[in-house]
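One structure below.
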2 protein chains.
Amino acid sequence: MTIKDVAEYSGVSISTISRVLNNHPDVREEVRAKVLKAIQELHYVPNSSARDLVKTQSDAIGVVVRGVENPFLTSVMRSIEEAIRGAGYTMVIHQIGTEEDEVAEGAGLVRSKRLCGLILLGGRFDYTPEQTATIEVPFVCCTYTNSFGSLDKNAYSSVFIDDYAEAYKAVNLLIEKGHKKIAVLLGATDDRSISELRYKGYCDALRDAGIQPDQSLVEQTGGYSMKNAYNATERLLARRNDFTALFTVSDSMGIAAIKALHNSGISVPRDCSVIAIDGIEVSKYTIPALTTLIQPRKPMGYEAVRILVDVIKGKKNCQLRLETELREGETVAPPKK
Amino acid sequence: MTIKDVAEYSGVSISTISRVLNNHPDVREEVRAKVLKAIQELHYVPNSSARDLVKTQSDAIGVVVRGVENPFLTSVMRSIEEAIRGAGYTMVIHQIGTEEDEVAEGAGLVRSKRLCGLILLGGRFDYTPEQTATIEVPFVCCTYTNSFGSLDKNAYSSVFIDDYAEAYKAVNLLIEKGHKKIAVLLGATDDRSISELRYKGYCDALRDAGIQPDQSLVEQTGGYSMKNAYNATERLLARRNDFTALFTVSDSMGIAAIKALHNSGISVPRDCSVIAIDGIEVSKYTIPALTTLIQPRKPMGYEAVRILVDVIKGKKNCQLRLETELREGETVAPPKK
DNA sequence: CCAAAAACTGAAAACGTTTTCAGTTCCTCT
DNA sequence: AGAGGAACTGAAAACGTTTTCAGTTTTTGG
């Protein structure tokens, strides 16, 4: 069942069928109707391989995602899929492990699958111009800080939150409640810029409040899994048990930390407040419900795709910063005195 | 950069390059080495559109997933992606809404993207022979009961758990602890077979213990979201508040139900025990940790892909039943007095 | 009513592979 | 040394589209 069959069936040439399929204006309304009817009746479906071949590009958008163990990213992925499908494209997905591969794998995908665009989801983003040049199609970096450092703004697009400012906001909220000994759970050591920036936000919030940051209140989880966060909290507790509040860089980490605190007989928020960043669904239903800065997951995905499609269609690259919104849960309270 | 360039560069014909690329035996070792070197040096990447066109099939496996709001499915999806990538295929993903579309959308995908196989993830599975015939490639149904009813066993493959037996197991566990008034939270009304079968398992477990099932202890959530489950629990509580245990058909629902119970002043497990089916990561870290029957998520995804690839390569269809494993959490206790 | 423009249509080339078929070269065995 | 076969290679067709270019029909304006 090819375009040729449709042509014969409806008594016009192959070219006309193709024109109808691609909404070219040069087709008489009458002919168009006839062709559409034929397509219907024959249950014809165009062969996208053939189309891609001549167009030298497919309608597939690649999504390279790093750190799928974080449910927050899964959630963004879902909205990306919706948006991609809504825009008439196809989504090809690719999870990756270590960060270094990210660009390289993405570039490989683009070349072999003739992708028309790429979304890099979940990693840091401070690639070199050489690295980004290997990606030959428009791409959007989604979630997490955009480090504008080495790259020409017009070379890429991104949708992101300001990790520094959001961390500052979260920690400041704890300070406003009266907390002074505030611990922090940072992510993997390999996602430099995110942890670095959020750590910087944490430190600056403390300093601006006249509190000297204390290294022994800082713990690296070494990965975004809940298990890692649980263990990190135990390490932290083994070292210090006098902090009255804890800031974690993801909701998952926050939930695991609360469990670890609980298992050590520390009640949240009575003995220790907890605040996180992400705003995943489940953290509304934990006991106590997590207080967190909600990242706009849906908009993040939608905007990433919208921007990508725009750039594919010829518009300029663009960088979009989104803001979090506080969701007051039940894990933040003033410190006991 | 095409195969032609590689041919010229290495001084052999196009056909030979193709043979090297496809590991045909008829190439002298010396020539093969020369060609591979050329490919390396030119950074040649084959154009899969062209390849797919002549092969009349791509290397893409479609995954049609229904009910992504359930984190359990997301988790299976991840293992599917890993397996697909590991087997050298590409994953094309497609979320769908209502069940009726499932087969139709899948079939459409197959035809237009020339998929070489399909995985139907998360829905019930009692399609008619006519429906399945529209899918022209091998496919595997993954997760949830296989209703062998109308279909020839050789027409499809599946990886599933026995919803009836697992529900029976869960409820029986509560009965063994001494519970008699056991409520149940069922899923959406439109996923007939799953809810039906799990409901049947629930009823039979009760009857076998000499307890008459009671309609007023049964509540439909009308969807797998946590919000739905929370609301359903409130409806249930408005009607009855004398049940001592609750069985929910997913972990997410269990977590939301516990929150609803908690907010009504009912403590789990002191006043009410809860057991669920799924075994997602986060339910280990809730307070209290959820007692649940773990579905083997990783094996489920891996096996689905393994079977699919086998069938693509010519093996017979196969139906694989997996078993759950109990994870003792902190939400099940004997009833008060 | 004619010329020119506009609207529409078809033939054929092109996209980059795989694969068949027909060689050609190189062994191996008598 | 020559025949027969094995091993290897290349030319060309085919896959199903899109698109260019040229041709035909229809419409418009004078």
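Each chain gets a letter, A, B and so on, in the order the sequences are listed, and its residues count up from 1. Just the heavy atoms: all of them, side chains too, but no hydrogens, waters or symmetry mates, feed the values below.
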Once you round it to whole Å, what is the distance between P of dA7(D) and NE2 of His24(B)? 16 Å
How long is the line joining CG of Asp26(A) and C1' of dG10(C), in whole Å? 13 Å
Between CG on residue Leu320(B) and CZ on residue Phe160(B), distance to nearest 0.5 Å: 7.5 Å
Would Val92(A) and Ile61(A) count as a side chain to side chain contact (heavy atoms under 4.5 Å, CB included) if you check the C-alpha gap in whole Å, the side-chain angles of each, and the deciding distance to 0.1 Å? CA-CA 6 Å; Val92(A) 170; Ile61(A) 291 175; over 6 Å; no
Ignoring backbone atoms, establish whether Arg28(A) has a side-chain N or O less than 4.0 Å from OP1 or OP2 of dT9(C). yes
Do any side-chain nitrogens or oxygens of Thr16(A) fall under 4.0 Å of OP1 or OP2 in dG10(C)? yes
Short side-chain to backbone donor-acceptor contact, Ser75(A) and Pro71(A), under 3.5 Å: no
So if I take residues 48-58 of chain B and measure heavy-atom distances to DNA chain D, which residues fall below 4.0 Å? Leu53(B), Val54(B)
Counterpart residues, salt bridge (charged side-chain N to carboxylate O under 4.0 Å, His left out), relative to Arg306(A) (two or more places apart): Glu303(A), Asp310(A)
Of Ser15(B) and Arg114(B), whose nearest nucleotide on DNA chain D comes first from the 5' end? Ser15(B)
Spell out protein contact along nucleotides 21-27 of chain D as letters: B when the base is contacted, S when just the sugar-phosphate is, - when no protein heavy atom is under 4.0 Å; keep the 5' to 3' order. -------
Verify whether one side chain among Arg114(A) and Ser58(A) offers a donor that lies under 3.5 Å from an acceptor in the other. no
Give the intermediate values and the outcome of side chain to side chain contact (heavy atoms under 4.5 Å, CB included) for residues Arg51(B) and Asn22(B). CA-CA 11 Å; Arg51(B) 165 177 293 177; Asn22(B) 294 280; 3.9 Å; yes
Least distance between heavy atoms, Ser79(B) atom then Arg297(B) atom: OG-O, 3.4 Å
Whether Asn22(B) contacts dT18(C) is assessed here as follows: a side-chain N or O lying under 4.0 Å from the phosphate OP1 or OP2. Is that the case? yes
Evaluate the side chain to side chain contact (heavy atoms under 4.5 Å, CB included) criterion for residues Lys298(A) and Glu82(A): first the C-alpha distance (whole Å), next the side-chain angles of each, then the deciding distance (0.1 Å), finally the verdict. CA-CA 10 Å; Lys298(A) 290 254 169 192; Glu82(A) 267 178 45; 3.6 Å; yes
Rounded to the nearest 0.5 Å, the CD atom of Gln95(B) sits from the CD1 atom of Ile84(A) at a distance of 10.5 Å
Restricting both atoms to N or O, compile the protein contacts to nucleotides 24-26 of chain C shorter than 3.5 Å, with distance only.
none

How would you label the contact of Asn47(A) with the nucleic acid (heavy atoms, under 4.0 Å): base, sugar-phosphate, or nothing? sugar-phosphate
When rounded to whole Å, the CZ to C1' distance for the pair Arg32(B) and dA7(D) reads 13 Å
For DNA chain D, which residues of residues 5-13 of chain A approach it to below 4.0 angstrom with any heavy atom? none
When you check the side-chain N and O atoms of Thr90(A) and Lys113(B), is any donor under 3.5 Å from an acceptor? yes
Output the rounded distance in Å from CD1 (Ile14(A)) to C1' (dA14(C)). 14 Å
Tyr44(A): which of Val35(A), Ile3(A), Asp5(A) passes side-chain contact (heavy atoms from CB on, under 4.5 Å): Ile3(A)
State plainly whether the residues Lys34(A) and Glu30(A) are in salt-bridge range, i.e. N to O under 4.0 Å. no
Partners meeting salt bridge (charged side-chain N to carboxylate O under 4.0 Å, His left out) with Glu8(A) (sequence neighbours left out): none
Please lay out, stage by stage, how Phe72(B) and Met300(B) fare under the test side chain to side chain contact (heavy atoms under 4.5 Å, CB included). CA-CA 11 Å; Phe72(B) 166 71; Met300(B) 214 160 223; 4.0 Å; yes
Measure CE/Met1(B) against P/dG16(C) and give the value in whole Å, please. 11 Å
Rounded to the nearest angstrom, tell me the gap between atom CD1 in Ile17(A) and atom C1' in dT18(D). 13 Å
For the pair made of NZ in Lys4(A) and P in dG10(C), what is the distance, rounded to whole Å? 15 Å
Does the side chain of Ser18(B) get closer than 4.0 angstrom to OP1 or OP2 of dT18(C) through an N or O atom? yes
Rounded distance in Å - CD1 (Ile3(B)) to C1' (dT18(C)): 8 Å
